[in-house]
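Note on naming: letters A, B, ... go to the chains in the order of the sequence lines (proteins, then strands), and numbering restarts at 1 for each one. Because only heavy atoms are used, hydrogens play no part in the values below, and waters and symmetry mates are left out as well, while side chains stay in.
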Amino acid sequence: MPELPEVETTRAGIEPHVIGQRVSRVIVRNAQLRYPVPDALARQMSGQSIEAVSRRGKYLLLKTAPGTAMIHLGMSGSLRMVDADLAPEKHDHVDIVLASGKCLRLHDPRRFGSVLWEAGDVTQHKLLASLGPEPLSDEFDLDYLFRDSRKKTQAVKLFVMDSHRVVGVGNIYANEALFMAGIRPTVPAGKISRKRYQVLVRCIKQVLIAAIEQGGTTLKDFVDGSGKPGYFQQKLKVYGRAGEPCEACGAAIKHIKLGQRATYYCPSCQS
DNA sequence: ACGAAGCCCTGCAAGC
DNA sequence: TGCTTGCAGGGCTTCG
């Protein structure tokens, strides 16, 4: 599932192909994604030039003069640049066709993703306005996270995965960052010392930066912006490794559910 | 106001 | 072999 590094990789991958390009038309084959794809997308985006490709959390933002397309890949979505005349396959729900003859094609088997249109200030869109800071920004630091954590009984893993606190820390990287920080995912957020939060903040940033640098990780659904499969998994130390020996100490990696989500940790290294 | 649970969806894997 | 069942999961919504 695309996490922040995959979305960033996609953004960087498509950017050179779409910047300054005129949208000749938008084809919506299946509007039934997480939210219905609004008619305004095709109506208002057609004929416009794409001025910028940015990202807020896991939302990709394609800016044009009359508004901004907001694309979320959900957990099985991918965006590829393909020739506009390439026959669409199953689950290819939306094409943003460019005057260059290429098109930006959204593929999303599970349809947890979304394509929305915001005519006004996109940062004020309901889905973006209340998001927490970017994890790689200076705003996301020790003081911010520590202050927010006091008296919280919520498990620290769920605490850092809440996008209203900080965006972009998805399940895989939450597991990995907590392993790196030596913190057990189940510990109440309010019980963790300032010193340990210092380590955690650093680990979250480090894990995300490393993943972005290697071109994003991926599961089998992910295809990067230029159409090449991403690589993945070899670097994960706990996620998906239930029962396998911990790289650091050899203890068997544990697998539990936390907030309905698969959670992995080393019972010896993480406390 | 907060925390926990529910829900959306398809593909794949495991179990019978 | 062919069914059924369970699981994966981001993140908004609803419930308690």
Side-chain angles (χ1 to χ4, degrees), chain A residues 1-11 29-38 55-61 70-79 88-94 106-116 118 124-135 147-178 185-191 204 208 211 216-223 229-230 232-233 236 238-243 255-264:
Chain A
M1 72 300 318
E3 291 219 23
L4 185 140
E6 286 80 6
V7 178
E8 177 55 29
T9 299
T10 298
R11 190 203 65 74
R29 296 187 195 82
N30 185 351
Q32 300 311 303
L33 305 184
R34 160 131 206 192
Y35 308 104
V37 179
R55 179 184 61 72
R56 177 71 178 101
K58 294 179 185 171
Y59 288 90
L60 278 167
L61 307 175
M70 303 167 51
I71 303 174
H72 196 292
L73 300 176
M75 61 167 292
S76 62
S78 60
L79 269 182
E89 296 181 9
K90 193 176 181 185
H91 307 308
D92 284 343
H93 306 308
V94 177
L106 175 73
H107 178 86
D108 186 4
R110 294 182 199 175
R111 290 190 279 129
F112 272 31
S114 54
V115 184
L116 299 171
E118 170 57 51
Q124 295 309 305
H125 188 282
K126 189 186 168 203
L127 297 174
L128 301 189
S130 63
L131 291 179
E134 289 287 327
R147 197 179 311 126
D148 214 10
S149 71
R150 294 304 88 184
K151 297 185 179 170
K152 289 277 194 306
T153 57
Q154 193 181 32
V156 62
K157 176 167 176 263
L158 302 178
F159 177 73
V160 299
M161 285 179 68
D162 183 346
S163 64
H164 299 285
R165 180 157 296 107
V166 56
V167 299
V169 183
N171 196 40
I172 293 176
Y173 296 119
N175 278 297
E176 294 298 308
L178 286 164
T186 51
V187 180
K191 297 275 187 188
I204 288 172
L208 293 174
T217 63
T218 181
L219 290 184
K220 45 189 167 299
D221 284 330
F222 180 70
V223 174
F232 177 69
Q233 291 237 327
L236 300 182
V238 287
Y239 185 85
R241 296 193 50 208
H255 176 213
I256 60 169
K257 283 246 173 184
L258 200 52
Q260 332 271 61
R261 293 283 146 72
T263 300
Y264 302 86

Quick one: [X] [atom1] to [N] [atom2], roughly how many Å, whole number?
X	N	atom1	atom2	result
E3(A)	dG11(C)	CD	C1'	13 Å
M75(A)	dC12(C)	CE	P	16 Å
D162(A)	dA1(B)	CG	P	16 Å
H93(A)	dC8(B)	NE2	C1'	13 Å
M161(A)	dC12(C)	CE	C1'	14 Å
R110(A)	dG11(C)	CZ	P	15 Å
D148(A)	dA1(B)	CG	P	15 Å
R34(A)	dC7(B)	CZ	P	14 Å

Ignoring the backbone of [X], work out which of [options] is nearest its side chain.
X	options	result
K152(A)	dG10(C), dA8(C), dG3(B)	dG3(B)
P109(A)	dG3(B), dT10(B), dG11(C)	dT10(B)
H72(A)	dG10(C), dG3(B), dC12(C)	dG10(C)
N171(A)	dG10(C), dA5(B), dG3(B)	dG10(C)
F112(A)	dC8(B), dG11(C), dA8(C)	dC8(B)

Original post:
Across the strands shown, which category fits L127(A) at heavy-atom distances under 4.0 angstrom: base, sugar-phosphate, nothing?
Top reply: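 The answer is sugar-phosphate, as L127(A) gets under 4.0 Å only of primed atoms, P, OP1 or OP2.
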
Do the side chain of [X] and the main chain of [Y] share a donor and acceptor less than 3.5 angstrom apart?
X	Y	answer
R110(A)	M75(A)	no
H255(A)	G243(A)	no
E176(A)	V238(A)	yes

Does [N] have OP1 or OP2 sitting under 4.0 Å from an N or O in the side chain of [X]?
X	N	result
H91(A)	dT10(B)	no
K90(A)	dG11(B)	yes
K126(A)	dT13(C)	yes
R111(A)	dT10(B)	yes
Y59(A)	dC12(C)	yes
H164(A)	dC12(C)	yes

Subject >> Comparing K151(A) and R261(A) on DNA chain B - which has the more 5′ nearest nucleotide >> reply: K151(A)

Original post:
Is it the case that S78(A) and H107(A) place a side-chain donor and acceptor less than 3.5 Å from each other?
Top reply: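 H107(A) and S78(A) do not have a side-chain donor-acceptor pair below 3.5 Å.
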
Original post:
Got L116(A) and L127(A) here, is their nearest side-chain heavy-atom distance under 4.5 Å?
Top reply: yes

Original post:
Is T186(A) close to K157(A) at the side-chain level, that is, under 4.5 Å between some pair of heavy atoms?
Top reply: no

